[in-house]
Amino acid sequence: MDAKIGKFFDSIGDFFTGGDQIPWCDSDIVAGCEREVAEAEKGSSDDLKSECIMRLSWALVHSRRPEDIQRGIAMLEASLGGSSSPLQMREKLYLLAVGYYRSGDFPRSRQLVDRCLEIAPDWRQALTLKKTIEEKITKDGVIGIGIAATAVGVLVGGIAAALARKG
């Protein structure tokens, strides 16, 4: 019973804090990936450079710092044209969707995850992200409706109070 109550309160907390299952990345991991990219630039194979850049992109879009997320989005968008395989394209689209989700652009994130699912319809990671995005959009709509209803209630209450004073 205690576990059910705990789950209930966790879900309420997640509703208001925006809890999701997408991992975060610390700045020391971002710094490590940046060092990897710098080392790979010094004469490594193109495959190794590409692999290091993908790891850095992953770290950036999973960062807690908005400027890192924007940098990751820019890197991924710049590299989209050079994707040679459907698997590479799928990975980049997914990471872009995560970046846009983290930056609050949920419609763009949903559009990218849908493109990702066109390539790999059964990819569980992308399906989970799509569900998370749709829950966030729904939650934001519910909160928006609640705010609007409260504003209307305050307005109607103010008008009623003003009319009551006049009469």
Side-chain angles (χ1 to χ4, degrees), residues 7 10-148:
K7 259 187 174 173
D10 286 345
S11 69
I12 290 174
D14 285 349
F15 181 83
F16 288 106
T17 61
D20 57 50
Q21 303 301 316
I22 302 168
W24 292 101
C25 188
D26 295 330
S27 58
D28 57 332
I29 293 173
V30 172
C33 290
E34 287 172 334
R35 282 191 299 275
E36 271 186 11
V37 169
E39 288 295 317
E41 294 290 328
K42 298 176 185 172
S44 296
S45 70
D46 287 343
D47 286 344
L48 180 60
K49 286 179 196 175
S50 180
E51 193 177 307
C52 291
I53 289 170
M54 279 301 290
R55 275 197 295 273
L56 175 58
S57 298
W58 184 95
L60 289 170
V61 298
H62 286 86
S63 173
R64 293 185 185 271
R65 297 178 52 208
E67 59 272 15
D68 285 348
I69 294 169
Q70 292 306 315
R71 211 170 100 211
I73 289 171
M75 285 176 65
L76 288 160
E77 285 183 340
S79 70
L80 264 183
S83 299
S84 57
S85 73
L87 179 63
Q88 237 181 9
M89 179 63 88
R90 176 191 85 165
E91 294 290 328
K92 289 177 183 180
L93 289 170
Y94 175 78
L95 290 176
L96 270 171
V98 169
Y100 280 109
Y101 174 80
R102 288 283 189 226
S103 64
D105 189 346
F106 306 120
R108 179 76 176 128
S109 181
R110 182 171 45 187
Q111 178 188 40
L112 288 162
V113 83
D114 283 342
R115 283 182 55 200
C116 183
L117 288 167
E118 287 173 12
I119 296 169
D122 297 329
W123 192 26
R124 198 178 303 169
Q125 216 173 343
L127 290 167
T128 301
L129 177 58
K130 182 174 180 168
K131 182 178 180 221
T132 301
I133 294 164
E134 290 177 350
E135 286 172 356
K136 182 73 172 168
I137 290 170
T138 301
K139 181 181 91 170
D140 285 357
V142 168
I143 290 172
I145 289 169
I147 291 170

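If you're wondering where the values come from, they're calculated on a predicted model, not measured in any experiment. Side chains are part of it too, since the values below use all heavy atoms of this structure and drop only hydrogens, waters and symmetry mates. We count residues from 1, following the sequence as given.
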Tell me if the CZ atom of Arg115 is crowded by more than 12 foreign heavy atoms within 6.0 Å.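 Count not over threshold, so no.
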Please find the pair of heavy atoms, one from [X] and one from [Y], that lie closest to each other, and give the distance.
X      : Y      : answer
Ser63  : Asp68  : OG-OD2, 3.0 Å
Pro23  : Trp58  : CG-CZ2, 4.1 Å
Leu117 : Ala126 : CD2-CB, 3.6 Å
Ser109 : Ile133 : OG-CD1, 3.0 Å
Ala40  : Cys52  : CB-SG, 3.9 Å

[X] side chain near [Y] side chain, heavy-atom distance below 4.5 Å:
X      : Y     : result
Ser50  : Gln88 : yes
Trp123 : Tyr94 : yes
His62  : Trp24 : no

Inter-residue atom distance [X].[atom1] - [Y].[atom2], 0.5 Å rounding:
X     : Y      : atom1 : atom2 : value
Met54 : Leu56  : CE    : CG    : 10.5 Å
Glu36 : Arg55  : CD    : CZ    : 4.0 Å
Leu95 : Leu129 : CG    : CG    : 10.0 Å
Leu96 : Asp105 : CG    : CG    : 11.0 Å
Ser85 : Glu91  : OG    : CD    : 9.0 Å
Ile69 : Arg102 : CD1   : CZ    : 7.0 Å

Closer than 3.5 angstrom, by distance alone: can the side chain of Lys92 be matched with the main-chain N or O of Ser79 as a donor-acceptor pair?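 Yes: the side chain of Lys92 pairs with the backbone of Ser79.
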Measure from the side-chain N and O atoms of Ser103 to the backbone N and O of Gly99, and report whether any donor-acceptor pair falls under 3.5 Å.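 At least one qualifying donor-acceptor pair exists.
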Please determine whether salt bridge (Lys or Arg N to Asp or Glu O under 4.0 Å) holds for the pair Glu118 and Arg90, giving the CA-CA distance in whole Å, both sets of side-chain angles, and the decisive distance to 0.1 Å. CA-CA 9 Å; Glu118 287 173 12; Arg90 176 191 85 165; over 6 Å; no
Leu93 and Val113: CA distance, side-chain angles, deciding distance, side chain to side chain contact (heavy atoms under 4.5 Å, CB included) verdict: CA-CA 7 Å; Leu93 289 170; Val113 83; over 6 Å; no
Assess whether a salt bridge exists between Lys131 and Glu135, defined as any Lys/Arg side-chain N lying under 4.0 Å from an Asp/Glu carboxylate O.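 A salt bridge links Lys131 with Glu135.
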Do any side-chain atoms of residues 26-33 form donor-acceptor pairs under 3.5 angstrom with protein atoms, and if so which ones, sequence neighbours left out?
none

Given side chain to side chain contact (heavy atoms under 4.5 Å, CB included), test Tyr101 with Arg110 step by step and report yes or no. CA-CA 8 Å; Tyr101 174 80; Arg110 182 171 45 187; over 6 Å; no
Under the salt bridge (Lys or Arg N to Asp or Glu O under 4.0 Å) rule, what do Arg35 and Glu39 come out as? Steps first, then yes or no, please. CA-CA 6 Å; Arg35 282 191 299 275; Glu39 288 295 317; over 6 Å; no
